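Take a look at the structure set out below.
Because the structure is a prediction, the values reported are computed rather than measured.
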Amino acid sequence: MKSIVFIIGTRPELIKIHEVVNQLNKEKKIRTIVISSNQQSKLLPKYLVDFKFDFTLEIRKFKNDAEFFSKFFSSIEKFNFHRNGCFLN
């Protein structure tokens with residue numbers, strides 16, 4: 001089984017991948033994993049109540065893009081996706 005990992009943080013990203021993930025979930029040979037960076041934690045649940053994240057990262061406070069990416073990569077490292085044959089998108 002192949003795995004595809006989607007990492008999202010904002011409402012527009014969630015809206016864009018919602019139907020893609022739903023369609024991929026119908027395929028028996030593909031497993032989807034959806035991770036939220038939690039950037040817009042208050043907005044996301046309002047838009048798609050039927051959508052669940054597999055993992056949520058706790059990246060809420062950051063001063064600039066460099067700090068965000070530093071926190072993001074530190075958080076995502078623990079999942080070892082590349083070792084499990086996952087494709088990150």
Side-chain angles (χ1 to χ4, degrees):
M1 177 178 288
K2 292 191 180 206
S3 297
I4 300 176
V5 178
F6 293 90
I7 302 170
I8 63 159
T10 63
R11 181 189 54 85
E13 293 168 345
L14 178 62
I15 291 169
K16 288 176 189 176
I17 70 152
H18 180 261
E19 190 57 33
V20 173
V21 170
N22 285 341
Q23 292 299 314
L24 287 171
N25 284 337
K26 293 177 183 178
E27 298 290 327
K28 294 181 185 333
K29 294 182 180 181
I30 297 175
R31 176 177 62 128
T32 61
I33 300 168
V34 182
I35 300 172
S36 169
S37 69
N38 215 14
Q39 285 173 268
Q40 295 182 336
S41 59
K42 293 179 183 174
L43 286 176
L44 296 180
K46 293 179 185 178
Y47 288 92
L48 299 169
V49 293
D50 64 332
F51 197 84
K52 297 192 181 191
F53 300 113
D54 297 298
F55 301 100
T56 301
L57 306 176
E58 297 299 324
I59 306 174
R60 291 188 197 151
K61 296 179 182 178
F62 51 93
K63 296 175 189 167
N64 53 42
D65 288 347
E67 185 178 349
F68 169 78
F69 283 110
S70 174
K71 289 181 177 186
F72 172 79
F73 286 115
S74 294
S75 298
I76 203 78
E77 242 177 21
K78 66 183 170 189
F79 295 112
N80 292 321
F81 290 122
H82 62 283
R83 291 187 188 139
N84 296 320
C86 294
F87 173 74
L88 294 176
N89 185 6

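Between His18 atom NE2 and Gln23 atom CD the span is 10.5 Å, to the nearest 0.5 Å. Atom CG of Leu14 is separated from atom CD1 of Ile8 by 4.0 Å, given to the nearest 0.5 angstrom. For the atom pair Ser3 OG and Ile30 CD1, the distance stands at 9.5 Å (nearest 0.5 Å). From Phe6, atom CZ reaches atom CD1 of Ile35 across 11.5 Å, with rounding to the nearest 0.5 Å. For the atom pair CZ (Phe69) and CG (Asn64), the distance works out to 10.5 Å, reported to the nearest 0.5 Å.
Contact between Asp54 and Ile33 at its shortest, heavy atoms only, is OD2-CA, 3.1 Å. For the pair Gly9 and Ser37, the tightest heavy-atom approach, listed with the atom from each and the gap, is CA-OG, 3.2 Å.
Residues that satisfy the side chain to side chain donor-acceptor pair (under 3.5 Å) test with Glu27, not counting sequence neighbours, are absent from this structure. Every residue two or more places apart in sequence or in another chain that forms a side chain to side chain donor-acceptor pair (under 3.5 Å) with Asn25 is listed here: Thr32.
Here the side chains of Glu19 and Asn22 are in contact, with some heavy-atom distance below 4.5 Å.
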